[in-house]
Protein chains: 2
Amino acid sequence: MSARYLLPYAPDVIGGLPAGLDALVWDGDGPAPSDDALREVEFFCLPYLRHAVALPVIPHLPSLKVVQTLTAGMDDVLPHVPDGVLACSARGLHDASTAELAVTLILASLRGVPHFTRLQDQGRWSQEFHQSLADRTVLILGYGSIGRALAVRLEPFECEIVRVARSARPEERVHGVAELPDLLPSADVVVLLTPLTPESRHLVDAGFLSRMKDGALLVNVARGPVVDTAALLAELTAQRLRAALDVTDPEPLPADHPLWHAPGVLITPHVGGPSSAFLPRARRTLREQILRYENGEPLAAGR
Amino acid sequence: MSARYLLPYAPDVIGGLPAGLDALVWDGDGPAPSDDALREVEFFCLPYLRHAVALPVIPHLPSLKVVQTLTAGMDDVLPHVPDGVLACSARGLHDASTAELAVTLILASLRGVPHFTRLQDQGRWSQEFHQSLADRTVLILGYGSIGRALAVRLEPFECEIVRVARSARPEERVHGVAELPDLLPSADVVVLLTPLTPESRHLVDAGFLSRMKDGALLVNVARGPVVDTAALLAELTAQRLRAALDVTDPEPLPADHPLWHAPGVLITPHVGGPSSAFLPRARRTLREQILRYENGEPLAAGR
């Protein structure tokens, strides 16, 4: 009475799987299945947005071979994955939703949506010129799957796109991170899409920010700790830079944190992934990975 | 001491014009030039956002041959243009800025930016699922120059686009307006981009709105009177539809108008055109039209 799969959705919700797939369903609400039921679980898909209750289940899985996340980043997961167990991220799953949120944050900030929302609440009509995305230079820092999805969405907006990744890839017009100091001063918008690693933690520090041009917009849809919050707060308070942050450090942001009310900042509560785009793409990702596992093929995005 | 051109910018600001172009400069601030100075004016470019002071100048131009606007619509201008005088709109000038604002309003509304702005002002972090543009069906009503610019910008977002114009143009996948009743029920987002004409006034009435699906979003970046405000207000108040309006009827919206505080509405104060994208494109449009006029070539977008 154990099973090989522990999944957040029933096989018929995922769809396209072999009949009678040997799976337990647990979505992270309610208690986890008993140790006995978990004894033969080889493939564990962490329920989305439930890592806090799901990660402690891992030590109860003696047959574990694969931990599959439904997140793009694995920074919080990797420390919990035992040696010899493959950890797979959901690369590609969040491309549409997160790239779309990045465009949302850029456009809303430049065209003044938070400002006009506040005027609306006061019943005030005030026609003003704001910045357009057209004619701006957007630097994308972290050029993987989501970075590419963002560039594709930005291209028709008559803006310039500068791509930066850890290593230069000239065939894709991607600059290496070593060129950043020379590239930052010409960017009107800098979008962070780097995974959180020891190297990227506080990559955006006072020195990085000081090279950004006056009035430029920093957009973080990666992970909060990529940015040194105190350094950003100083630039915002001085009204030299603007920011749109879907992730923060600390996160969630406490009610009394000064970042909430800094001038020129738009904050959304980590909603790059959570949107109606999630479920259909999560089903597809999970279906593809399970079929690969069933067929003994290498899994995608493993490490 | 008269001139052939009356322009809102000096020729050297416009750039690329013949040396010594015979032009008077008046940007709508301060009094208009004297009747004597205006006696030989053939080509009058109305200063942008100054029609209220500029249109009364037209009767003082006995040599007038061309009225050039810097707006895309000419609904407010045409009644002031004498017979035999050509009126030219600024077709193309506002494509980038207005299409960009339409995408801004769609994304901000779907992804919850006004909602999250209000939570931010209260210091509240509340991760929630919102709608994505991905997987939605967007109906563009009015498929001219700006409609095409909007479609190009929407295409990478993994959404379905339905194009509707006065007449069907199958080669461009454009439906005719007669098909609207059948097309409306499947649209998640309806974007209005029709010029204001006697036929389009109150095109979006109670019957039109009743065919839109529950929870759908109406985006107006055209002209306020294309929508019957009372009918829209009823649907918003019932929380059956949502709206994002850059134009309203009346406009400007009075401080005590109930539309300001209707549920599910985002209002921006007619900023589709006014953005940093305006000036470089206005200079280009005006340069091209003046060069055509100087060379005796037909002007663009005249009627």
Side-chain angles (χ1 to χ4, degrees), chain A residues 49 96-97 99-101 103-105 107-108 110-136 149 152-158 248 251-257 260-261 265-271 274-278 280-281, chain B residues 49 96-97 99-101 103-105 107-108 110-136 149 152-158 248 251-257 260-261 265-271 274-278 280-281:
Chain A
L49 305 180
S97 189
E100 183 182 304
L101 187 76
V103 180
T104 305
L105 294 176
L107 288 174
L110 294 182
R111 299 295 294 249
V113 172
H115 171 67
F116 290 129
T117 297
R118 293 177 178 117
L119 288 187
Q120 179 180 342
D121 286 348
Q122 302 166 36
R124 283 175 56 199
W125 183 278
S126 174
Q127 192 179 46
E128 304 160 356
F129 277 70
H130 282 250
Q131 260 188 344
S132 62
L133 173 53
D135 310 333
R136 300 280 85 69
V152 165
R153 282 160 177 75
L154 290 175
E155 266 155 16
F157 282 89
E158 304 181 26
T248 58
E251 183 176 315
L253 203 60
D256 60 353
H257 199 287
W260 285 116
H261 307 293
V265 69
L266 166 61
I267 297 175
T268 54
H270 203 144
V271 291
S275 80
S276 64
F278 172 74
R281 287 161 185 77
Chain B
L49 305 180
S97 188
E100 182 182 305
L101 186 76
V103 180
T104 305
L105 293 176
L107 288 174
L110 294 182
R111 299 296 296 250
V113 172
H115 172 67
F116 290 130
T117 297
R118 293 178 179 116
L119 288 187
Q120 178 180 343
D121 287 347
Q122 302 165 37
R124 284 174 57 197
W125 183 278
S126 174
Q127 192 179 44
E128 303 160 359
F129 278 71
H130 282 251
Q131 262 190 343
S132 62
L133 173 53
D135 311 333
R136 300 280 85 69
V152 165
R153 282 160 178 76
L154 290 175
E155 267 155 16
F157 282 89
E158 303 181 25
T248 58
E251 184 176 314
L253 202 61
D256 59 354
H257 198 285
W260 285 116
H261 308 293
V265 68
L266 166 60
I267 297 174
T268 55
H270 204 146
V271 290
S275 81
S276 64
F278 172 76
R281 287 162 184 76

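- There is no contact between A:E155 and chain B, counting heavy-atom distances below 4.5 Å.
- The side-chain heavy atoms of B:S276 and A:D135, taken from C-beta on, include no pair separated by under 4.5 Å.
- Contacts between A:R153 and chain B at a heavy-atom distance below 4.5 Å involve backbone atoms as well as side-chain atoms.
- For A:L49, the part lying near chain B is the side chain, with the backbone staying farther off; criterion is any non-hydrogen pair under 4.5 Å.
- Only the backbone of A:S126 comes within contact range of chain B, with at least one heavy atom under 4.5 Å from a heavy atom of that chain.
- Looking at A:D121, the atoms closer than 4.5 Å to chain B (heavy atoms on both sides) sit in the backbone and in the side chain alike.
- Here the side chains of B:Q120 and A:L253 are not in contact, with every heavy-atom distance at 4.5 Å or above.
- Side-chain contact check for A:T104 versus B:V113: some heavy-atom pair is nearer than 4.5 Å.
- The minimum heavy-atom distance linking A:F157 with B:F157 is given by the pair CE1-CE1, 4.3 Å.
- Per-residue heavy-atom pair counts under 4.5 Å with chain A were compared for B:R124, B:Q131, B:E100, and the maximum is reached by B:E100.
- Across all non-hydrogen atoms, the minimal contact from A:P252 to B:W125 is CB-CD1, 3.3 Å.
- A:H270 touches chain B through backbone and side chain together, each having a heavy atom under 4.5 Å away.
- Ranking B:L119, B:V265, B:L154, B:D256 against chain A, the residue ahead of the rest is B:V265, based on heavy-atom pairs under 4.5 Å.
- We find the CG-CG distance between B:L133 and A:L101 to be 12.0 Å, quoted to the nearest 0.5 Å.
- Across all non-hydrogen atoms, the minimal contact from B:Q127 to A:P274 is NE2-CG, 3.8 Å.
- Across B:A96, B:S132, B:P156, the residue that shares the most heavy-atom pairs under 4.5 angstrom with chain A is B:S132.
- For the set A:A108, A:P269, A:G123, the entry with the most heavy-atom pairs within less than 4.5 Å of chain B is A:P269.
- Of the listed residues (B:A149, B:A255, B:P254), the one with the most heavy-atom contacts under 4.5 Å to chain A is B:A255.
- Remark: A:T117 OG1 to B:F116 CZ distance equals 12.5 Å, nearest 0.5 Å.
- Comparing A:V152, A:L266, A:T268 by how many heavy-atom pairs each has under 4.5 Å with chain B, the most go to A:L266.
- Considering only heavy-atom pairs separated by less than 4.5 Å from chain B, the leading option among A:H257, A:H130, A:E128 is A:H130.
- When all heavy atoms of A:R281 and B:A134 are compared, the pair lying nearest together is NH2-CB, 3.8 Å.
- Of the inter-residue distances, the one linking B:R111 atom CZ with A:S97 atom OG reads 3.5 Å to the nearest 0.5 angstrom.
- When each of B:Q122, B:R136, B:E251, B:H115 is scored by its heavy-atom pairs under 4.5 Å with chain A, the top score falls to B:E251.
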